[in-house]
Protein chains: 2
Amino acid sequence: MIFTVRRSRLQVLLIERGNQPYLGQPALPGGFIRDGETLDEAALRELSEETGLDGRTLHLEQLRAYSDPDRDPRGRVITVAYLALGPDLPLPVAGTDAAAAHWEPVSSALADDTSLAFDHAAILRDGLERARSQLEHTTVAAAFCPEPFTVGDLRRIYEAVWGFSLDPSNFRRKVTRTEGFLNPTGERRSSETGRPAALYRRGAASLLIPPLLRSGEVSS
Amino acid sequence: MIFTVRRSRLQVLLIERGNQPYLGQPALPGGFIRDGETLDEAALRELSEETGLDGRTLHLEQLRAYSDPDRDPRGRVITVAYLALGPDLPLPVAGTDAAAAHWEPVSSALADDTSLAFDHAAILRDGLERARSQLEHTTVAAAFCPEPFTVGDLRRIYEAVWGFSLDPSNFRRKVTRTEGFLNPTGERRSSETGRPAALYRRGAASLLIPPLLRSGEVSS
DNA sequence: GCAAAAGTGTTACAAGTACACCCATGG
DNA sequence: CCATGGGTGTACTTGTAACACTTTTGC
């Protein structure tokens, strides 16, 4: 399950199924583990086969196992779902399975419960919740930002994943106060409008202390 | 991985292996999934087979999958670990596999990295961290308490799992203020010494809002 | 100048920490 | 009476929410 933020919306990579069952329906990319491979390695390999992306440059974590005996009509298949987060990624290379891959906003993928193949809607819901929760306690949000990035870029990641607006000044204070979250480059970037913003790169810290909780939402 | 709190210490159920490999060494209980079964059902079945406990009366949750190809010398075995939390449980019934089952403090099971079979030391470490984290955000600690229980009982669960002492008065305020955590029974219980304590049963809430963070530790 | 985004300051409030203190029981 | 754990009150500190305000750019 590969997430990115494009045009201020959280999007997920879906493929169109080329085989039965669920022929032609969108699904999460995936595949089978091989002998001698860990699940982490299999996830990285599938990621690269289906999208051409080098998984070592993005955040990858295990979500959980799905084991309903009827989840695949062909027979017993247990899936261990993985979550990958990356910056606004290039459209997938037309690889073997990737021909029909495309980005879709998570909200629209979840709008109709039966639009995704298998139990992928449930997996996607779990992954969305995990991503939202991870933003509170870790610095993974920076994995969504192409470097260098501004505090505003980072804030728009949080807003896209959480689905509501944050107070820019309070957000700024919180992330700049957390030691090791942002490394200042000393450079600035001008956009079409407004004052130029300071540029940062990802810091070494991976945990957010104190956490950045999503309780304080502002009417979007 | 079955946790309980006995004599104010967090303990884990270990079995002594009756077969090769790791013959005679302690290990976490487990088994293989069957056709037509979900992983949750398999975990419940193994729990009952090995301990005689009815899993529906305790808290059970999936931890994660372990997939190193060399983790089992007999060949490729992928394990999906589960975590069960329960009140001071009776010593396991002498069932088929359970003859050599016993409770052991988690700290001593982890003291020597090679005392447990397979990669079970790593699994146990992950499970301990999950349990500690769950106590911060959910009401599962009450699953460790035989009903009815006192605020002091509940506090001693937190102290056993987190491994340090808490301020009794502040703890009391936090858990009693959280709507739906504790249902007062109106009864009291006298112990050998001190003022009798009010008795409670588990409430309906499963999430702790605000969380009960383990940052504020008191020198144990 | 004006709009827009970056960035600073400040006040009000919620929650947590530390600790003093009272309560009720067994011995 | 005293020791012990239950339970209440409170001053202090930390973090957050809300929002006013200044800065710096493009048009």
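The structure presented is a predicted model; accordingly, all values stated were derived computationally and were not measured. Just so it is clear: chains get the letters A, B, ... in the order the sequence lines come, proteins before strands, and each one is counted from 1.
Atom CZ of A:Arg156 is separated from atom P of C:dA5 by 8 Å (rounded to the nearest Å). Between the CZ atom of A:Arg177 and the C1' atom of C:dG7 there is a distance of 14 Å, rounded to whole Å. One interatomic measurement links the two molecules: CG of B:Leu212 to P of C:dA15, which rounds to 14 Å at whole-angstrom precision. In this structure, CD of B:Glu187 is placed 17 Å from C1' of D:dG6, rounded to the nearest angstrom. Atoms CZ (A:Arg195) and C1' (C:dC2) sit 17 Å apart, rounded to a whole Å. For the pair A:Asn170 CG and D:dA18 C1', the interatomic distance rounds to 7 Å; values are reported in whole Å. Rounded to an integer number of Å, the gap from B:Asp167 CG to D:dG9 C1' is 13 Å. Taking atom CZ on B:Phe171 and atom C1' on C:dA18, their separation rounds to 17 Å, with Å as the unit.
With the nearest nucleotide of DNA chain D identified for both A:Arg188 and A:Lys174, A:Lys174 has the one nearer the 5' end. Place B:Gly194 and B:Pro211 on DNA chain C by their nearest nucleotides, and B:Pro211 ends up nearer the 5' end.
Neither OP1 nor OP2 of C:dA5 sits under 4.0 Å from any side-chain N or O of A:Arg189. Phosphate proximity of C:dG7 to A:Arg172: present, with a side-chain N or O under 4.0 Å from OP1 or OP2.
A salt bridge is absent between A:Asp167 and A:Arg173: the closest approach of a Lys/Arg side-chain nitrogen to an acidic carboxylate oxygen does not fall below 4.0 angstrom. Salt bridge status for A:Glu129 with A:Arg214: present, with a side-chain N to carboxylate O gap under 4.0 Å.
Environment of CZ in A:Arg155: crowded, with over 12 heavy atoms of neighbouring residues, nucleotides or ligands closer than 6.0 Å. B:Arg45 CZ: more than 12 foreign heavy atoms inside a 6.0 Å radius.
For A:Thr193 and D:dC27, a side-chain-to-base donor-acceptor distance below 3.5 Å is absent, hydrogens and geometry of angles not being considered. For B:Arg173 and D:dG9, a side-chain-to-base donor-acceptor distance below 3.5 Å is present, hydrogens and geometry of angles not being considered.
Checked against C:dA5, D:dT25, C:dA24, the side chain of A:Ser190 finds its nearest nucleotide in D:dT25. Relative to the side chain of B:Pro210, the nucleotides C:dG16, D:dG7, C:dG7 differ in distance, and C:dG16 lies closest.
Panel note: side chain A:Glu159, backbone A:Leu166; a donor-acceptor pair is recorded below 3.5 Å.
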